[in-house]
Participant: 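Mind having a look at this structure? Questions to follow.
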Amino acid sequence: MPQSAGIISGIQRMVLYETRARYFLVGTNQAQTKHRVLKIDRTEPKDLVIIDDKHVYNQQEVRELLGRLDLGNRTKIGQKGSSGLSRAVSAFGIVGFVRFLEGYYIVLITKRRKMADIGGHSIYKIEDTSMIYIPNDSVRVTHPDEARYVRIFQNVDLSSNFYFSYSYDLSHSLQYNLTLLQRPYELWSSPSSSEEEEVQTQSKQDSFDIFEEEGLPTQVVYGLQNEPYYKYVWNGKLLERVKDIVHHDWLMYIIHGFCGQSKLLIYGRPVYITLIARRSSKFAGTRFLKRGANCEGDVANEVETEQIVHDASVMSFIAGSYSSYVQVRGSVPLYWSQDISTMMPKPPIRLDQADPYAHVAALHFDQMLQRFGSPIIILNLVKKREKRKHEKILSEELYPAVINLNQFLPPENCIDYIAWDMARYTKSKLCNVLDRLSMIAENVVKRTGFFINRSDFYCHTIRPDDRWGDLGGHLTASGRVQTGVLRTNCVDCLDRTNTAQFMVGKCALAYQLYALGMIDKPKLQFDTDCVRLFEELYEDHGDTLSLQYGGSQLVHRVKTYRKIAPWTQHSKDIMQTLSRYYSNAFSDADRQDAINLFLQVYQPSESKPHLWELPTDFYLHQRNTMALPQDRRSYTQWWSGGILSYLPVAYDEVACEDTMKKVKVKRVNRFDEGTDIYTEFFKPYELTSFDDTFCIAMTNSAREFMPKTVGVDPSPFTVRKPEETGKSVLGNKSSKEETLLQRKTAASAPPPPSEEAISSTSEDDSEEDRDDDGSVSQRSTPIKLLTESGESNRTQEEFQQQQQQQQQQSFKEPYGLNLAEFPSDDDLLIYERFAHLGESQHRVERTEHINLANIICLEPVSCFSEDSVYAVSPPQVDRDTRDEFESHVMASQGQVRVLCRDDMLMYREYVKNRYM
């Protein structure tokens, strides 16, 4: 069966050219061998007219086309000016087309930055965009409120945590993307259209296939083009207007959330840990303005977090080892909200609608069953005991809803509900929060399993682990598949949720590394380089998601729940709480309007009230409440048809008629540019540099966390004390602590003996210490103060002793021994022999007589007559070899030597066998 490969976008760079009547968008692939042209009309004041001829141009044809356009748009022949074809902007992709009250705008990505690499597929972050008005000024119909809508739209900062890829579907998980490659496509391969066949035959003529020339069949792969999962696509509505008009290569879907990648070095073997968070574009918004769920089952602050672990020494999806684990966070799926008009830090929670049959929760869990399979495990972290009912209201409503839905499901596919008051456990001095979370995480991972694209190692059979045998999920011929998902929630789904997700991710990471053959037991300890690297990745992930939804970074971190956070962390927590309160009270409404406008939940029109005039956006997100439903869903069979028959495997990952309709399949050459990820990543057709190819500045476990001393176990799974690590887990001391410590020791400590010590202390000093008038130079003050105060020589001797001790410590750290101690006789004898050996090996003139009895005898290291670093005799080359080399040199210069009789006979034999 032919292999399958995802189709790489044929447009990765584009240039926008403008004339008075049209915009011409010229797009090209990475190798700049195939070009497409999009024509946009500028004479329509309010309509979008786009023409895509679907033709693929080569470089010469594009130059001729642009030359003709430039010549045809000049007012006079030979005139060079603004009336011809001018280059407007260069870009890397189209975000979309948007219209407010005047004409359409085109939003282009002008800057990008590579953030991660998964199997040669690059993931980019949008760094800058350009918003260009399409209609010409001569036909523009101005509106007074247009500029205000543009400002609101641009409040969504596209340069902040928006990601895209040309060859990897970011809206789907790695498990979906790799299982998609393993489906049987013989029955679903669609015949190529006439235009595509013409393009393929033309490229076939241009290329040279050595296998086809020798009579062997051409190597064919199935090129796959899959529909994105629109729930996590943020520019789907912006591209909806042109989706059916232009070629698929022009469409580039972006996600919003987080993407980070770190390198775990295991004795030099690189393992990449990637964290991708996809924020839902349905019912999206800010903290107090979006709570609960809408009438379609979409919940607020819904984020799908996926951790991908793969061996970076092998790049291919087919030959490499890849593993992933997915978990979800989201608001409690009920009709509830909080009234923010009272300006309280914690507004009261209220249930907006009675839902006795759990209709909204059924819609939500139906989506999850279809995407993730079963079991769905709910981890509810809201408070259970409160003096006044606040968070408890949600638990009292969610638990009966889950019980109601479970009575209609088969027992093996029921929804699991785990309620645990994390805040109460945190306040208790007798309970360890993370130990309890690790127990929950172990049970969750055992039930859901994880994804890996390779079968078990033989060592797992020889040395079986008890936890590995109990692991759940679905076993396939090529590995394991995760079935089901953990859904974590608290009230905000920020601080407590992120810590719980970190503990579950840490447990899953241990199983992933064990499955990849990196560790001997599926268990990871705290205070190891691996867990610290993973914790830093998750904290960045939590801070980013918290800023997007809550307006501030995380208030409570993993260190807070471990109770090892420094005392300065409390002041930072207070500042983050104040920042979150300020953002929720004053800026969230503007951010919500910008999100509604960007996602086209609200589309401006002159017949409707303006966005800022709406008293609420409730009816924008609850569209079904404005109309009577034609088909009311069943309260007992609340799931979609066909889902139960495939459980526990997710319905979206099964090869059936409905799912295969979303995939376009075509047969292409294996070395075609549209599917060859090797050529896409390494670019062998152009001169590249290491800085461009390896431009991701990712965190490295060996560089950032491993101690710099000699003799320490370099394994990232070794437990280390906080002071031993390269980056302390407790964080650096504050500047005030450093100031007090320096002033206390300034009168008694000698000056640092080395430049390293000086630089290390000066880096920790704050700017206040340097500018303080009372402080004096650390290098000269101690000696000067003590000598002027009339101290005796005894004090100076103490200085020298302290200085020698510091020198011994500074030498002992990098070299592993104390240089002040005199070496032993055995060590001196070994050193003398080494010195004599060096003299005999590196002497230029060997005229002196060497007594071989005093040195160690060694075999010569080469067959040369002379052997030293200064004199090496060249090897002898025979005449035939020299003639052969000279003939090659002459052939490269175009001077082919006369063929001899043997060569002529060999050529005639080749022609006879080939053609006769």
Side-chain angles (χ1 to χ4, degrees), residues 258 260-267 269-275 277 305-312 323-325 327 432-442 444-445 450 465 467 486 488 495-543 554 556-566 569 698-708 712-731:
F258 173 79
Q261 191 172 57
S262 296
K263 182 191 291 185
L264 180 68
L265 276 178
I266 305 174
Y267 293 105
R269 187 174 185 179
V271 175
Y272 285 179
I273 301 177
T274 312
L275 207 61
T305 300
E306 179 183 20
Q307 63 186 54
I308 300 172
V309 182
H310 74 277
D311 186 354
S323 175
S324 73
Y325 184 78
Q327 47 186 328
N432 190 329
V433 178
L434 298 188
D435 285 349
R436 174 67 175 162
L437 277 176
S438 64
M439 292 171 58
I440 296 173
E442 189 76 27
V444 166
V445 176
F450 61 95
D465 190 272
R467 291 184 291 267
L486 173 68
T488 312
D495 302 335
R496 286 172 281 181
T497 299
N498 197 71
T499 303
Q501 283 195 333
F502 163 73
M503 291 302 297
V504 176
K506 170 178 167 288
C507 179
L509 178 65
Y511 279 98
Q512 289 175 288
L513 291 171
Y514 179 76
L516 292 173
M518 304 296 175
I519 53 178
D520 57 349
K521 291 182 180 180
K523 192 170 182 63
L524 291 175
Q525 299 289 338
F526 273 106
D527 297 324
T528 58
D529 298 344
C530 175
V531 174
R532 282 181 180 137
L533 178 140
F534 190 63
E535 180 184 340
E536 187 177 86
L537 201 59
Y538 245 97
E539 285 198 354
D540 292 344
H541 159 267
D543 285 338
L554 290 174
H556 302 299
R557 303 171 180 273
V558 178
K559 297 183 185 66
T560 309
Y561 291 105
R562 287 187 69 191
K563 298 179 181 177
I564 62 168
Q569 186 65 38
M698 67 176 72
T699 306
N700 189 316
S701 63
R703 183 179 64 242
E704 304 287 341
F705 298 97
M706 197 177 76
K708 304 301 185 289
V712 177
D713 185 4
S715 171
F717 309 112
T718 303
V719 179
R720 309 189 198 281
K721 296 177 182 179
E723 61 270 11
E724 290 179 353
T725 60
K727 184 184 290 186
S728 176
V729 71
L730 298 178

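Excluded from the calculations below are hydrogen atoms, water molecules and symmetry mates; all remaining heavy atoms, backbone and side chain alike, are included.
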Participant: Please report the interatomic distance NE2(H541) to CG(N498), rounded to the nearest 0.5 Å.
Facilitator: 6.0 Å
Participant: Between atom CG of L265 and atom CG of N700, what is the distance when rounded to the nearest 0.5 Å?
Facilitator: 4.5 Å
Participant: A side-chain contact here means heavy atoms from C-beta on lying under 4.5 Å apart; do R532 and D527 qualify?
Facilitator: yes
Participant: Would you say the side-chain atoms of T274 and Q261 include a donor-acceptor pair closer than 3.5 Å?
Facilitator: yes
Participant: Can you classify the ring geometry of F502 versus F526 as parallel (below 30°), tilted (30 to 60°) or perpendicular (above 60°)?
Facilitator: tilted
Participant: Please name all residues satisfying side-chain hydrogen bond (donor to acceptor under 3.5 Å, both in side chains) with D311, sequence neighbours left out, ordered by chain then number.
Facilitator: R269, S313
Participant: Any heavy-atom pair between the side chains of V531 and F717 that's under 4.5 Å?
Facilitator: no
Participant: For a 4.5 angstrom cut-off between non-hydrogen side-chain atoms, does T699 reach F705?
Facilitator: yes
Participant: Return the set of residues passing side-chain hydrogen bond (donor to acceptor under 3.5 Å, both in side chains) with S715 (not counting sequence neighbours), or none when no residue passes.
Facilitator: none
Participant: For S701 and D529, does a side-chain donor sit closer than 3.5 Å to a side-chain acceptor?
Facilitator: no
Participant: Using the salt bridge (charged side-chain N to carboxylate O under 4.0 Å, His left out) rule, collect all pairs that involve residues 507-517, keeping only residues at least two apart or in two chains.
Facilitator: none
Participant: According to side-chain contact (heavy atoms from CB on, under 4.5 Å), who are the partners of S324, at least two apart in sequence or on a separate chain?
Facilitator: L174, Q175, E306, I308, F451
Participant: Please enumerate all residues that pass side-chain hydrogen bond (donor to acceptor under 3.5 Å, both in side chains) together with T488, with sequence neighbours excluded.
Facilitator: none
Participant: List the atom pairs, donor and acceptor, that lie under 3.5 Å between side-chain atoms in residues 510-521 and the rest of the protein, sequence neighbours left out.
Facilitator:
residue: Y511; atom: OH; partner: E442; partner atom: OE2; Å: 2.5
residue: Q512; atom: OE1; partner: Q307; partner atom: NE2; Å: 2.9
residue: Q512; atom: NE2; partner: S323; partner atom: O; Å: 3.4
residue: Q512; atom: NE2; partner: S323; partner atom: OG; Å: 3.1

Participant: Working note: Y325 + V445, criterion side chain to side chain contact (heavy atoms under 4.5 Å, CB included); need CA distance, chi angles, decisive distance, verdict.
Facilitator: CA-CA 9 Å; Y325 184 78; V445 176; 4.0 Å; yes
Participant: Do the side chains of L533 and P716 get nearer than 4.5 Å, heavy atoms only?
Facilitator: no
Participant: Measure the CZ-SG distance between R467 and C507 for me, rounded to the nearest 0.5 Å.
Facilitator: 8.5 Å
Participant: So, using side-chain hydrogen bond (donor to acceptor under 3.5 Å, both in side chains) as the criterion, who are the partners of S262 when residues are at least two apart?
Facilitator: none
Participant: Is it true that E539 and K559 have a side-chain N and a carboxylate O under 4.0 angstrom from each other?
Facilitator: yes
Participant: Once ring pair (Phe, Tyr, Trp, His ring centres under 6.0 Å) is applied, do any residues pair with Y272, and if so which ones, sequence neighbours excluded?
Facilitator: H310
Participant: OG1/T499 to CG/L554 distance, rounded to the nearest 0.5 angstrom?
Facilitator: 7.5 Å
Participant: For D543, what residues pass the salt bridge (charged side-chain N to carboxylate O under 4.0 Å, His left out) criterion, not counting sequence neighbours?
Facilitator: R557
Participant: Are the side chains of T305 and L275 in contact, using a 4.5 Å heavy-atom criterion?
Facilitator: yes
Participant: Nearest 0.5 Å please: distance from the CG atom of L434 over to the NZ atom of K506.
Facilitator: 8.5 Å
Participant: Kindly say whether P714 contributes a backbone atom to a donor-acceptor pair with the side chain of T718 at under 3.5 angstrom?
Facilitator: no
Participant: How long is the gap from CG on L509 to OH on Y538, to the nearest 0.5 Å?
Facilitator: 10.0 Å
